[in-house]
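Heads up: the structure comes next, in structure tokens.
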Amino acid sequence: MKYQSPKGVSEYFPPRSSGFEFVRDKLLAPIKNAGYQLLELPVFEDTELFTRGVGESTDVVSKEMYTFEDRGGRSITLRPEGTVGALRSIIEHGLDRSALPVKVFYCGPFFRAERPQAGRYRQFYSLGIEAVGSDDPALDAEVIALAYEGFYGIGLRKFRLDITSLGDADSRKAHRVDLLAYIEKLNLDDPTRARAGINPLRLFDDKRPEVSSLMAKAPRLLDYLSEDSSEHFKKVQGYLSAMGIPFSINPLMVRGLDYYTGTTFEFVHEDLGAQSGIGGGGRYDGLMENIGGQNISGIGFGLGIDRALLAAEAEGILESHHVSPLLYLIPLGEKAKNVALKLSHQIRNAGLAVEVSMGDKALKNAMKSADKSGAIYTCVLGDSELESGNVELKEMISGNATSVTLSALLTTLQLKTVKK
RNA sequence: GUGGGCGUAGCUCAGCUGGUAGAGCACUCGGUUGUGGUCCGAGAUGUCGCGGGUUCGAGCCCCGUCGCUCACCCCA
């Protein structure tokens, strides 16, 4: 094989691509129903936007970005995440100058130069929302609910929701001092110590039992929340409970992006491998201002479409979502082909799905293709039909055929679809 | 970046202690005139990942290389 896809990219081809569409559309549905509007964004931005917005100290920025120089000598980076690009667009086009909160969603490919793994790709697909300009805890709860509704709408059941609060700047400052003092006394290897130096919270996320047991008694950020932060977090929990959304508070949860403050959350699926997070997000108090906007808070999430698809497959809830044609037309001969094409054109214009047999197959083989297409009805068009003006409309499941005049075919099909 | 596993037909894989390639599924066509799903038959498809070595002979052994994959790390 001469060419193959670049290492670690996810690509979707039939028949699985229909599952991808299904998952994406299901995730999107509640978001649209909640008044979020599309933000169609570039997949690359000035590198500085990410280094500044996401944070130099994060793994994402320090070693996972696809960065290159364009022909004008500008440093460009393929977006590793969606929030800062979305906020840049909101600021640049003044969307935050009208009624707040601004509520937008976006969807598409993201890029991280990581070692690929099950559920982790160098090009992956995410769907995100951002709600900017309100610090109402009800908004936190609504945003979380939208993700939950999306996953639930796909049919996923074996997932859980973890939430925590990172508090405000003062909360984190006080905690950091105590946490560093605690870590100082631990017997850790050098790389781990180095990670602690970059962000001590990371150690809470270490999967090695020897580390996690040491961290079990470490001071927890949740215990350091200011009164405001604590109050806010309690309200979020109350709203979630009111909606009947199950969640657990996970004080050990850590997110890899620097901009998160206050409420953060993560959806974890139990049937996936090491990469089990199917979505996550949180509030960001200083991010808008940090990248040149107003000093207003926002909250958002990113949902992994690739992973949601894997999860749906793992739960066995994904039937084929290929759109089968209503009618499969089989022309026999050149004259019939003209008529079939014309008919199919009219039928599609009427908004119905129709396929035409191609390649002058023997009728038997054309019927096999019709069967494979999953068509509900099949119709053979040969010389005798053209002459008489009558066709047999064959219902594939029962095998029964009814005679219809050629001119009434479209209206007959329309009637049949209305009945269902 | 660090480890483990694996590379044989489109897919899933078999291939005995080395004797120069197979199955199932899928696909195309056919089983007498223009009707699918079952059945039967026929056909096409591989530089056995690539390069080197050992050997009379390598899919099988050795070395290298590339790729895929899983995990660490990190996250969607």
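Chain letters run A, B, ... following the sequence lines, proteins first and then strands; every chain starts at 1.
- Atom CD of E64(A) and atom P of G1(B) are 13 Å apart (whole Å).
- Atom CZ in F13(A) sits roughly 18 Å away from atom P in A26(B) (whole-Å rounding).
- A close approach under 4.0 Å does not occur between any side-chain nitrogen or oxygen of K368(A) and OP1 or OP2 of U35(B).
- Rounded to whole angstrom, the span from the OH atom of Y328(A) across to the P atom of G34(B) amounts to 18 Å.
- For the P atoms, the distance from U8(B) to G49(B) is 6 Å, rounded to whole Å.
- Contact annotation for A118(A): backbone-only contact, meaning every heavy-atom pair under 4.0 Å involves sugar-phosphate atoms and none involves a base.
- In a base pair of the Watson-Crick type (N1 to N3 plus N6-O4 or O6-N4) or a G-U wobble (N1-O2 and O6-N3), with each distance short of 3.5 Å, G1(B) is matched with C72(B).
- Proximity of residues 402-413 of chain A to RNA chain B (heavy atom under 4.0 angstrom from any strand atom) is not detected for any residue.
- Looking at heavy-atom distances under 4.0 Å, G273(A) makes contact with sugar-phosphate atoms alone, never a base.
- Under a 3.5 Å cut-off, the side chain of N290(A) and the backbone N or O of R52(A) do form a donor-acceptor pair.
- Judged by the 6.0 Å and 45° rule, R157(A) forms a cation-pi pair with Y152(A).
- The nucleotide U55(B) finds no pairing partner, because no Watson-Crick or G-U wobble arrangement with both distances shorter than 3.5 Å includes it.
- Looking at D371(A), its side chain comes within 3.5 Å of the base of G36(B) through a donor and an acceptor atom.
- Taking the six-membered ring for Trp and thresholds of 30 and 60 degrees, H175(A) and F204(A) have nearly parallel ring planes, at less than 30 degrees apart.
- Below the 3.5 angstrom threshold, one finds no donor paired with an acceptor across the side chain of Q275(A) and the base of A71(B).
- For the OP1/OP2 pair of G30(B) and a distance below 4.0 Å, the side-chain nitrogens and oxygens of N365(A) include at least one atom meeting the criterion.
- Between R176(A) and D178(A) there is no salt bridge, since no side-chain N of the basic residue sits under 4.0 Å from a carboxylate O of the acidic one.
- R16(A) places its CZ atom 17 Å from the C1' atom of G10(B), with the value rounded to the nearest Å.
- The side chain of L363(A) lies closest to G34(B), out of A76(B), A71(B), G34(B).
- If you check U35(B), G36(B), C72(B) against the side chain of M396(A), the one that comes closest is G36(B).
- Remark: C1' of G36(B) and NZ of K361(A) are 12 Å apart, rounded to the nearest angstrom.
- Y106(A) and E130(A) form a side-chain donor-acceptor contact under 3.5 Å, judged by distance and modelled atom types alone.
- Residue-to-nucleotide contacts include no donor-acceptor pair under 3.5 Å from the side chain of E114(A) to the base of G1(B).
- Figure legend. U35(B) is base-paired to no nucleotide; pairs are counted as Watson-Crick or G-U wobble with both atom distances under 3.5 Å.
- Comparing P6(A) and S126(A), the nucleotide of RNA chain B nearest to each residue sits closer to the 5' end for P6(A).
- To the nearest angstrom, P of U2(B) lies 12 Å from NZ of K63(A).
- Contact between the side-chain N/O atoms of K364(A) and the OP1/OP2 oxygens of U28(B) is not found at any separation under 4.0 Å.
- Aromatic pair Y377(A)/Y328(A): centroids not less than 6.0 angstrom apart.
- The side chain of D383(A) sits closest to G34(B) out of G36(B), G34(B), C70(B).
- The base of G36(B) is paired with the side chain of K394(A) by a donor and an acceptor separated by under 3.5 Å.
- Between G382(A) and T58(A), the residue anchored closer to the 5' end of RNA chain B is G382(A), taking for each the nucleotide with the nearest heavy atom.
- Look at A42(B): its Watson-Crick or wobble partner, with both distances under 3.5 angstrom, is U28(B).
- Distances from the side chain of R115(A) to the nucleotides U2(B), C68(B), A76(B) place U2(B) closest.
- Within the 4.0 angstrom heavy-atom criterion, base atoms lie near I397(A).
- The nucleotide whose nearest atom lies closest to any side-chain atom of L257(A) is, among C68(B), G30(B), A76(B), A76(B).
- Distance, Y121(A) OH to U69(B) C1': 11 Å, rounded to whole Å.
- Nucleotide C6(B) forms a Watson-Crick or G-U wobble pair with G67(B), both donor-acceptor distances falling under 3.5 Å.
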Verdict with supporting geometry, D306(A) and R120(A), salt bridge (Lys or Arg N to Asp or Glu O under 4.0 Å)
CA-CA 9 Å; D306(A) 313 84; R120(A) 189 175 73 184; over 6 Å; no
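- Comparing G10(B) with C27(B), their C1' atoms are spaced 8 Å from each other, to the whole Å.
- Distance noted for atom C1' between G18(B) and U12(B): 26 Å (whole Å).
- Residues I31(A) and L27(A) are not in side-chain contact: their nearest non-hydrogen atoms beyond the backbone lie 4.5 Å or more apart.
- For R120(A) against C73(B), a side-chain N or O and a base N or O form a donor-acceptor pair under 3.5 Å.
- If you check the side chains of S297(A) and D285(A), you find a donor sitting under 3.5 Å from an acceptor.
- Regarding contacts with the backbone of C72(B), a side-chain N or O of Q117(A) is found under 4.0 angstrom from either OP1 or OP2.
- Environment of CD in E387(A): sparse, with no more than 12 heavy atoms of neighbouring residues, nucleotides or ligands closer than 6.0 Å.
- Taking the side chain as every heavy atom from C-beta outward, V54(A) and M65(A) never approach each other to under 4.5 Å.
- The separation between K7(A) atom NZ and C68(B) atom C1' is 8 Å, rounded to whole Å.
- The partner of G22(B), taking Watson-Crick or G-U wobble pairs whose two distances both stay under 3.5 Å, is C13(B).
- Taking only distance into account, the side chain of S384(A) meets the base of G34(B) through a donor-acceptor pair shorter than 3.5 Å.
- No contact: Y125(A) has no heavy atom under 4.0 Å from any strand.
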